[in-house]
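Data block below; observations after.
Within every chain, numbering begins at 1; the chains are lettered A, B, ... in the order of the sequence lines, protein sequences first and strands thereafter.
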Amino acid sequence: MTGNVSSGEKMGRLDIFDRMRGVQENTPGLKSSKDINIEPVKNRLNGTIITDGPDSILKVDYSYPLVYTHGDVALKDVVSIDPGLLRVLLPALPRSLDLSLNDLIFFDLETTGLSGGAGTYVFMAGFLKVEDEKIKTAQYFLNNLSSEKLFLMEIRDRLKPGSVLVSYNGKSFDCNILKNRFILNGLGLADRDPTHLDLLYTSRRIWKGLFPDFSLRTVEKWALKFERTGDIPGYMIPDIYFQYLRGRDVTEDLCGVFMHNRNDIVSLAAVLLKQLSIVRYCARFDRLNGINNPGQFNPVSLSDMLINCNYHEEAKKLLKSYTDDTEVLKRLGLLYKRQKLHRDALVFFKLLIEKTEDFSEYIFACIEMAKLYEHRLKDIDRAIFYTEKVWNRVRRQDYFYPDRASVFLNDRAHIEKRLDRLRKKQA
DNA sequence: CGAACTACGGCAGTTAATTG
DNA sequence: CAATTAACTGCCGTAGTTCG
């Protein structure tokens with residue numbers, strides 16, 4: 001898969017060059033691209049043309065009814081987001097800034113490629129914001145290349161300072177491409193980098209180990225139960241735009257790109273709401289109210305995120321309600337060990353020894369028991385007991401799976417050494 | 001006393017994955 | 001072939017302990 005992608009992108013780079021040349025050959029000079037007929041798209045989507053002197057771009061507005069659900073997420077909840085919960089996902093959120101939700105800006109760009117260099121244009125920018133208790137999207141479309149400056153200025157006007165950006169992989173992709181376009185058009189970037197929540201990274205943490213990958217499409221399907229029908233796949237999007245620039249009638253496809261972009265930004269809002277419902281469930285802020293089932297999540301990651309925001313007690317409570325998970329037992333043990341609550345740590349490492357099916361996890365838990373008894377509780381006999389326990393288990397493993405013995409060679413040597421030392425100490 | 005060992009936090013460097 | 005981030009890896013200094 002990875003190999004295919006990278007070779008495909010190499011091809012894509014050459015393709016873009018070819019296609020740009022095609023644009024220039026078929027339409028004599030960029031100015032004539034103004035003649036491209038955008039009317040069919042404008043009419044189909046009920047858009048408006050924004051003009052400034054000779055320049056013009058297309059804007060398409062859309063408003064969602066408050067009853068709209070995206071997959072199993074009710075979008076209306078976006079009007080009442082708790083900044084305290086949001087801070088668990090975005091610790092950088094300024095504490096001073098009281099977040100009236102008008103300050104959240106969901107956005108996504110469509111571009112002429114993935115490479116991100118100076119040759120990549122932004123031709124569509126979709127925004128979602130909450131206004132007057134309504135969910136409104138606004139999409140800007142660069143319908144001729146010579147109006148790029150106007151296009152960029154309209155985008156910049158939406159990114160008011162003090163607002164919080166929400167994107168998917170936007171920190172590395174969208175923002176940087178946009179920055180490039182601003183620089184190339186002599187438009188100097190906004191004063192300083194705004195607070196930016198990139199849902200790619202929160203998704204990877206919250207659903208770690210649960211989904212096959214973390215593309216927005218997969219997260220939609222597995223976390224939101226939202227599946228797209230008739231969606232334009234991303235790799236086709238640059239091509240559709242180039243065909244449009246060449247003057248071909250791609251009204252149908254272009255409307256598909258608008259739909260694709262709008263679904264992307266609505267999914268951003270839905271993913272954020274889903275993640276917030278998981279955070280709320282884990283922190284049990286609404287212990288007394290009915291808690292709706294937020295679906296699956298990784299309890300260890302969530303406890304990390306809670307601890308990161310100083311919700312230590314909530315994190316412990318959460319982990320203690322997931323002790324069927326051996327990763328949770330391991331984390332609880334390490335947590336109490338770091339706090340020097342050795343007796344508590346012992347309880348969880350012991351549970352881990354009993355519960356785990358994983359051999360290296362078993363080895364780990366036994367060695368932790370031995371360490372705690374030897375160095376903290378000064379009980380050499382018990383330390384020897386657990387070291388012998390794991391030593392015998394390793395030998396048993398060697399006997400039944402002689403071909404796999406080398407895998408645990410390091411562990412073997414380590415355990416042997418520990419046992420020697422403990423026996424000398426005991427004598 | 002001082003050498004040797006153990007555990008561990010901090011810190012830098014590396015890797016994998018996503019975006020049209 | 002880029003930028004970003006979490007997670008992992010390896011290295012180093014420190015603290016604490018045990019021996020010769």
Any salt bridge linking A:Glu374 with A:Lys425? Criterion: basic side-chain nitrogen under 4.0 Å from a carboxylate oxygen.
yes
Going by heavy atoms closer than 4.0 Å, what residues in residues 382-390 of chain A are next to DNA chain B?
none
Using a cut-off of 6.0 Å, state whether more than 12 heavy atoms not belonging to A:Lys417 lie near its atom NZ.
no
To the nearest 0.5 Å, atom CG of A:Leu142 lies from atom OH of A:Tyr121 at 9.0 Å
With a sphere of 6.0 Å drawn around CZ of A:Arg158, does it hold more than 12 non-hydrogen atoms of other residues, nucleotides or ligands?
yes
Protein-nucleotide distance (A:Ile177, atom CD1; C:dC1, atom P), rounded to Å
16 Å
Does the side-chain contact (heavy atoms from CB on, under 4.5 Å) test come out yes or no for A:Leu216 and A:Asp108, once each step is laid out?
CA-CA 12 Å; A:Leu216 181 58; A:Asp108 181 57; over 6 Å; no
Quick one: A:Leu200 CG to C:dA2 C1', roughly how many Å, whole number?
15 Å
Rounded to whole angstroms, how far apart are OH on A:Tyr373 and C1' on B:dA7?
19 Å
Does the A:Tyr244 side chain pair with the main chain of A:Ile38, one donor and one acceptor, at a distance under 3.5 Å?
no
Can you build the contact string for nucleotides 14-20 of chain C? Use B for base contact, S for sugar-phosphate-only contact, and - for no protein heavy atom under 4.0 Å.
---SSS-
Side chain to side chain contact (heavy atoms under 4.5 Å, CB included) involving A:Tyr62 - partner list, sequence neighbours excluded
A:Tyr64, A:Thr137, A:Arg262
Restricting to side chain to side chain contact (heavy atoms under 4.5 Å, CB included), what partner residues turn up for A:His342, sequence neighbours left out?
A:Lys340, A:Leu372, A:Arg376, A:Leu377
CD/A:Glu252: more than 12 non-hydrogen atoms of other groups inside 6.0 Å
no
Show me the donor-acceptor pairs within less than 3.5 Å that the side chains of residues 223-231 of chain A make with the rest of the protein, sequence neighbours left out.
unit_1: A:Lys225; atom_1: NZ; unit_2: A:Trp222; atom_2: O; d: 3.0
unit_1: A:Arg228; atom_1: NE; unit_2: A:Glu220; atom_2: OE1; d: 3.1
unit_1: A:Arg228; atom_1: NE; unit_2: A:Glu220; atom_2: OE2; d: 3.4
unit_1: A:Arg228; atom_1: NH1; unit_2: A:Asp231; atom_2: OD1; d: 3.4
unit_1: A:Arg228; atom_1: NH1; unit_2: A:His260; atom_2: O; d: 3.4
unit_1: A:Arg228; atom_1: NH1; unit_2: A:Asp264; atom_2: OD1; d: 3.4
unit_1: A:Arg228; atom_1: NH2; unit_2: A:Glu220; atom_2: OE2; d: 2.6
unit_1: A:Arg228; atom_1: NH2; unit_2: A:Asp264; atom_2: OD1; d: 2.6
unit_1: A:Asp231; atom_1: OD1; unit_2: A:His260; atom_2: ND1; d: 3.1
unit_1: A:Asp231; atom_1: OD2; unit_2: A:His260; atom_2: ND1; d: 3.3

Rounded to whole Å, the CG-C1' distance (A:Leu422 to B:dC5) equals 13 Å
For residues 344-359 of chain A, the side-chain hydrogen bond (donor to acceptor under 3.5 Å, both in side chains) pairs (sequence neighbours left out) are A:Thr356-A:Glu361, A:Asp358-A:Ser360
Smallest heavy-atom separation, A:Val166 atom then A:Leu268 atom, equals O-CD1, 3.6 Å
Run A:Asp77 and A:Leu276 through side-chain contact (heavy atoms from CB on, under 4.5 Å) and show every step you take.
CA-CA 10 Å; A:Asp77 293 338; A:Leu276 287 170; over 6 Å; no
Between residues 166-176 of chain A and DNA chain C, which residues have a heavy-atom gap below 4.0 Å?
A:Lys171, A:Ser172, A:Asn176
What I'd like to find out is whether the side chain of A:Leu332 reaches to under 4.5 Å of the side chain of A:Lys320, using heavy atoms alone.
yes
Rounded to whole Å, how long is the line connecting atom OH of A:Tyr121 with atom P of B:dT19?
25 Å
Is it the case that the side chain of A:Ser163 and the backbone of A:Leu159 share a donor-acceptor pair, with hydrogens and angles ignored and the cut-off at 3.5 Å?
no
For a quick check of understanding: with a heavy-atom distance under 4.0 Å over all strands, which category does A:Asp108 fall into, base, sugar-phosphate or nothing?
sugar-phosphate
Go through residues 210-222 of chain A and report each residue with a non-hydrogen atom lying under 4.0 Å from DNA chain B, sorted by number.
A:Asp213, A:Phe214, A:Ser215, A:Leu216
What's A:Asp264 touching, base or sugar-phosphate or nothing? Going by heavy atoms closer than 4.0 Å.
sugar-phosphate
A:Lys149/A:Asp52 salt bridge by N-O under 4.0 Å criterion
no
Tell me the interatomic distance from A:Asp231, atom CG, to B:dG20, atom P, rounded to whole angstroms.
10 Å
Would you call A:Asn298 and A:Glu327 a side-chain contact if the rule is heavy atoms closer than 4.5 Å?
no
Is the shortest side-chain N to carboxylate O distance from A:Lys371 to A:Glu368 below 4.0 Å?
yes
Of the candidates C:dA7, B:dG20, B:dA7, the side chain of A:Arg205 sits closest to C:dA7
From C:dT5, B:dG20, B:dC8, pick the nucleotide closest to the side chain of A:Tyr201?
C:dT5
Taking DNA chain B as the partner, which of residues 335-351 of chain A come within under 4.0 angstrom of it by heavy atom?
A:Lys337, A:Arg338
Dot-bracket notation for DNA chain B is requested: 5' to 3', Watson-Crick or G-U wobble pairs only, both distances under 3.5 Å, with ( ), [ ], | and . as defined.
|||||||||||||||||||.
For A:Asp304 and A:Ser301, what are the C-alpha separation, side-chain angles and deciding distance, and is it a side chain to side chain donor-acceptor pair (under 3.5 Å)?
CA-CA 5 Å; A:Asp304 278 347; A:Ser301 299; 5.6 Å; no
What distance do A:Trp207 atom CH2 and A:Phe297 atom CZ have between them, rounded to the nearest 0.5 Å?
11.5 Å
For the ring pair A:Tyr241 and A:Phe141, is the centre-to-centre distance below 6.0 Å?
yes
Between A:Asp174 and A:Leu109 (side chain of the first, backbone of the second, donor and acceptor by atom type, cut-off under 3.5 Å), is there such a pair?
yes
Return the value, rounded to whole Å, for the distance between atom CG of A:Asn298 and atom C1' of C:dA6.
13 Å
Atom pair distance, as rounded to whole Å: NE2 in A:His414 and P in B:dC5:
13 Å
What distance do A:Thr112 atom OG1 and A:Asp239 atom CG have between them, rounded to the nearest 0.5 Å?
11.5 Å
Collect all protein-nucleotide pairs involving nucleotides 11-13 of chain B in which both atoms are nitrogen or oxygen and the distance is under 3.5 Å.
none

A:Phe123 side chain reached by A:Leu245 side chain, heavy atoms, under 4.5 Å:
no
Could you write out each protein N or O paired with an N or O of nucleotides 8-13 of chain C at a distance under 3.5 Å?
none

